[in-house]
Amino acid sequence: MGMTHEVLNQVPPLENYDLAGSDPLLVDALIREGGSWGLDETVAWGRTISGGEIYQLAAEANRNDPILHTHDRYGHRRDTVDFHPSWHELLRLSVGAGLHSLPFEKPPGEGSRVVRDAKFTLMSQIEQGHGCPISMTTSVLPALRANPALYEEWRKRILTRTYDPSFGPVSGKAGVLLGMGMTEKQGGSDVRANT
């Protein structure tokens with residue numbers, strides 16, 4: 001196919017830049033709220049995830065829907081979901097950066113929640129979907145404190161920075177991500193519709 005004309009009105013892709021440095025309010029808040037110890041880590045994280053290959057992962061994760069398998073070929077219940085490899089890679093990156101666990105890795109008051117939130121904010125600018133299991137895991141751990149035995153059992157599985165995408169018993173997993181279920185009538189993503 002022949003070329004019709006040279007396209008001059010498109011900006012080049014915004015990638016491989018200082019994502020944290022481009023948000024001075026985020027950096028100021030990180031320092032002000034006790035997370036100055038994590039500034040270098042947050043800046044490095046922003047540079048890592050602003051690379052073109054991470055944008056490509058995000059595009060692939062959003063283009064390829066998860067596939068539910070309710071039964072195997074023999075009719076036995078399976079209830080598994082296959083995700084595109086890019087989804088797993090985004091989760092591996094976020095878990096490796098502690099986006100699910102950082103607030104609980106240090107004693108309260110040491111700014112670890114602020115550092116986590118700053119890093120999560122940066123990642124949310126790249127891809128938001130995988131942030132749900134990351135955020136839910138961050139939220140579940142405090143809820144588990146209501147049951148000390150349950151808390152101790154799950155805490156060690158959450159506070160690892162190893163992402164384990166395998167489907168199997170939790171006892172054999174190197175790390176876990178958690179979620180919470182809601183029982184409200186008409187529950188769903190539109191919280192206003194709950195009754």
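Since the structure is predicted, the reported quantities are computational estimates derived from the model, not experimental observations.
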Checklist entry - Yes or no on side chain to side chain contact (heavy atoms under 4.5 Å, CB included) for Leu141 and Arg155, after CA distance, side-chain angles and deciding distance? => result CA-CA 7 Å; Leu141 200 53; Arg155 184 180 69 83; 4.1 Å; yes
Item to check | Heavy-atom donor-acceptor pair, Trp45 side chain to Phe120 backbone, under 3.5 Å | outcome: no
Next on the checklist: Is it true that, when you exclude Arg73 itself, more than 12 heavy atoms of the residues, nucleotides or ligands shown sit nearer than 6.0 Å to its CZ?
Outcome noted: no
Item to check | Shared hydrophobic cluster for Phe167 and Val170 (ILVMFWY, side-chain gaps under 4.5 Å) | outcome: no
Checklist entry - When rounded to the nearest 0.5 angstrom, what is the spacing between CG in Leu68 and OG1 in Thr70? => result 5.5 Å
Checklist entry - Okay, side chain of Ser135, backbone of Cys132: is any donor-acceptor separation there less than 3.5 Å? => result no
Checklist entry - Do His84 and Asp65 come within less than 4.5 Å of each other through their side chains, counting heavy atoms only? => result no
Checklist entry - Is the shortest distance from a Lys or Arg side-chain nitrogen in Lys119 or Glu41 to a carboxylate oxygen in the other one below 4.0 Å? => result yes
Checklist entry - Under 4.5 Å between any side-chain heavy atoms of His71 and Arg77, yes or no? => result yes
Checklist entry - Where do Ser139 and Pro142 come nearest, in terms of heavy atoms and distance? => result O-CD, 3.2 Å
Item to check | Polar side-chain atom of Lys173 near backbone of Gly168 as donor-acceptor pair, under 3.5 Å | outcome: no
Next on the checklist: Please report the interatomic distance CG(Leu57) to NE2(His88), rounded to the nearest 0.5 Å.
Outcome noted: 12.5 Å
Checklist entry - Is there side-chain contact between Tyr163 and Leu177, with heavy atoms separated by less than 4.5 Å? => result yes
Item to check | Passing option when Leu122 is tested against Val43, Thr42, Asp117 for side-chain contact (heavy atoms from CB on, under 4.5 Å) | outcome: Thr42
Checklist entry - Considering all heavy atoms of both residues, which atom of Ser50 and which atom of Tyr55 are nearest to each other, and what is their separation? => result O-CE1, 3.3 Å
Checklist entry - What pairs with Ser124 under side-chain hydrogen bond (donor to acceptor under 3.5 Å, both in side chains), at least two apart in sequence or on another chain? => result none
Checklist entry - Can you find a heavy atom in the side chain of Met136 that is under 4.5 Å from one in the side chain of Leu178? => result no
Checklist entry - How close do Tyr17 and Ser22 get, heavy atom to heavy atom, and via which atoms? => result CE1-OG, 3.9 Å
Item to check | Donor-acceptor pair, side chain of Trp87 and main chain of Ala61, under 3.5 angstrom | outcome: no
Would you list the atom pairs, donor with acceptor, under 3.5 Å between side chains in residues 92-105 and any protein atom, with sequence neighbours excluded?
{"from": "Arg92", "atom 1": "NE", "to": "Glu89", "atom 2": "OE1", "distance (Å)": "3.0"}
{"from": "Arg92", "atom 1": "NE", "to": "Glu89", "atom 2": "OE2", "distance (Å)": "3.2"}
{"from": "Arg92", "atom 1": "NH2", "to": "Glu89", "atom 2": "OE2", "distance (Å)": "2.4"}
{"from": "Ser94", "atom 1": "OG", "to": "Leu90", "atom 2": "O", "distance (Å)": "3.4"}
{"from": "Ser94", "atom 1": "OG", "to": "His130", "atom 2": "NE2", "distance (Å)": "2.8"}
{"from": "His100", "atom 1": "NE2", "to": "Ile158", "atom 2": "O", "distance (Å)": "2.9"}
{"from": "His100", "atom 1": "NE2", "to": "Thr160", "atom 2": "O", "distance (Å)": "2.9"}
{"from": "Ser101", "atom 1": "OG", "to": "Glu105", "atom 2": "OE2", "distance (Å)": "2.6"}
{"from": "Glu105", "atom 1": "OE1", "to": "Arg161", "atom 2": "NE", "distance (Å)": "3.4"}
{"from": "Glu105", "atom 1": "OE1", "to": "Arg161", "atom 2": "NH2", "distance (Å)": "2.8"}
{"from": "Glu105", "atom 1": "OE2", "to": "Arg161", "atom 2": "NE", "distance (Å)": "3.1"}

Checklist outcome for this item: The reported gap from CD1 in Ile134 to CD in Gln128 (rounded to nearest 0.5 angstrom) is 13.5 Å
Checklist entry - Which distance, rounded to the nearest 0.5 Å, do you find between the CD of Glu127 and the CD of Glu60? => result 11.5 Å
Item to check | From CD (Glu153) to CG (Leu144), nearest 0.5 Å | outcome: 9.5 Å
Checklist entry - In Å, rounded to the nearest 0.5 Å, how long is the span from CD1 of Ile54 to CD1 of Ile49? => result 8.0 Å
Checklist entry - Between Thr162 (side chain) and Gly175 (backbone), is there a donor-acceptor pair under 3.5 Å? => result no
Checklist outcome for this item: Connected to Leu25, directly or through other members, by ILVMFWY side-chain contacts below 4.5 Å are none
